[in-house]
Number of protein chains: 2
Amino acid sequence: MLDQARDRLAANGARLTPVRQRTLEILLESHRAMGAYEVLDRLAAEGFGRQPPVAYRALEFLVEHGLAHRLQRLNAFAACLHPGHDHAPAFLICRECDMLAELPAAPVRDALTELAAESGFQVERATIEALGLCPACADAARP
Amino acid sequence: MLDQARDRLAANGARLTPVRQRTLEILLESHRAMGAYEVLDRLAAEGFGRQPPVAYRALEFLVEHGLAHRLQRLNAFAACLHPGHDHAPAFLICRECDMLAELPAAPVRDALTELAAESGFQVERATIEALGLCPACADAARP
DNA sequence: TTTGACTTGTTATGATGTAACATGAATAAG
DNA sequence: CTTATTCATGTTACATCATAACAAGTCAAA
């Protein structure tokens, strides 16, 4: 896995330095979603730097090169535009103006639940969010 | 909209107090995704408390009662289990053990992109994450 | 009208993330 | 080989997001 990673990086002119490699190893070994500070603790314990940017930079690098993923958690709020029905919509968030749209996403959600069930995973809550351009900002961006 | 909200709450034995109502109004007026501290600034400027819990409590209340949504952002990392193909999988995250699974989600993603396109929204990146129980933890939970 | 549940506010702290700068290592140009 | 340049790593300091624990006030019902 590491050799494979090194090759991919070399092809892109990027290097798998010690911190980066160790960071990747830590993620691979854990097989879990890890917070940046958890990774940082491990790195620091092994003699690497103990300040947040050390971990964040290594992680960002791995994500940039397709060797790791960044997962999500809570961070912003918006009024529900269609209260009343028990709904769990998908969100469209404009990266320019932060405009928010809610999309009925029951089919998408059901597909996901079913797909997960095939591997024995019980979905309790699903997050479906898209980042992109709303019609207005897409128009404004066009010449 | 507010009357409707008040009715819904009354039916549940919950009250739309001034802070809560104003918080909902702020979200509704903005039509955007807002950070909790942004909401807090508005509340404080209007004579409500100026400490974080004031906003977080009101927001949490609205979310609990289906009047607002909580959106997401970056917060955790995991090794990519299938590097190489240009892929943007869905994630299954076990809430018990943080185990992570990647699911090929191209169909789900395409459905979302198409659905969004119907309202003129251009999807650039989509986040599909499910929280629930992995098979092992589901077994452990069973008696 | 007093009890008890709930609401609002506070202080304090924890958790997450980034900007800006100094130093050191690797690579490429001469 | 040596120098110049780029890239990596580490630091300090700070910005942003979130919650725990407690005190005081409000409201409805017994």
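Letters A, B, ... are given to chains in the order of the sequence lines, protein chains preceding strands, and every chain is numbered from 1. Just so it is clear, the structure is predicted and the values come from calculations on it, not from any experiment.
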Separation of atom [atom1] in [X] from atom [atom2] in [N], rounded to whole Å:
X: A:R70; N: C:dT18; atom1: CZ; atom2: C1'; value: 11 Å
X: B:L62; N: C:dT7; atom1: CG; atom2: C1'; value: 14 Å
X: B:M34; N: D:dA18; atom1: CE; atom2: P; value: 14 Å
X: A:L40; N: D:dG10; atom1: CG; atom2: C1'; value: 12 Å
X: B:E60; N: D:dA20; atom1: CD; atom2: C1'; value: 13 Å
X: B:D41; N: D:dA15; atom1: CG; atom2: C1'; value: 14 Å
X: B:Q51; N: D:dA21; atom1: CD; atom2: P; value: 18 Å
X: A:Y37; N: C:dT13; atom1: OH; atom2: C1'; value: 14 Å

Short N-O contact, [X] and [Y], less than 4.0 angstrom:
X: B:E29; Y: B:R22; result: yes
X: A:E60; Y: A:R57; result: no
X: B:R70; Y: B:E64; result: no

Distances under 3.5 Å between protein N/O atoms and the N/O atoms of nucleotides 3-9 of chain D, please, pair by pair.
from  : atom 1 : to    : atom 2 : distance (Å)
D:dA8 : OP1    : A:R20 : NH1    : 3.4
D:dA8 : O5'    : A:R20 : NH2    : 3.4
D:dT9 : OP1    : A:T17 : OG1    : 2.6

- Taking every heavy atom of A:R109 against every heavy atom of A:A126, the minimum-distance pair comes out as NH1-O, 2.7 Å
- Return the 5'-most residue of the pair B:P52, A:P53 with respect to DNA chain C, ranking by each residue's nearest nucleotide. B:P52
- Query: Can you check whether B:Y56 has a side-chain N or O nearer than 4.0 Å to OP1 or OP2 of D:dA18?
  - Reply: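 Answer yes for this pair, as a side-chain N or O of B:Y56 is under 4.0 Å from OP1 or OP2.
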- Message: If you define the side chain from C-beta out and look only at heavy atoms, does anything of A:I26 sit under 4.5 Å from A:R42?
- Response: yes
- Task: Decide yes or no for A:Q21 and A:R6: does some side-chain heavy atom of the first lie under 4.5 Å from some side-chain heavy atom of the second?
- Result: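 The answer is yes; the side chains approach within 4.5 Å.
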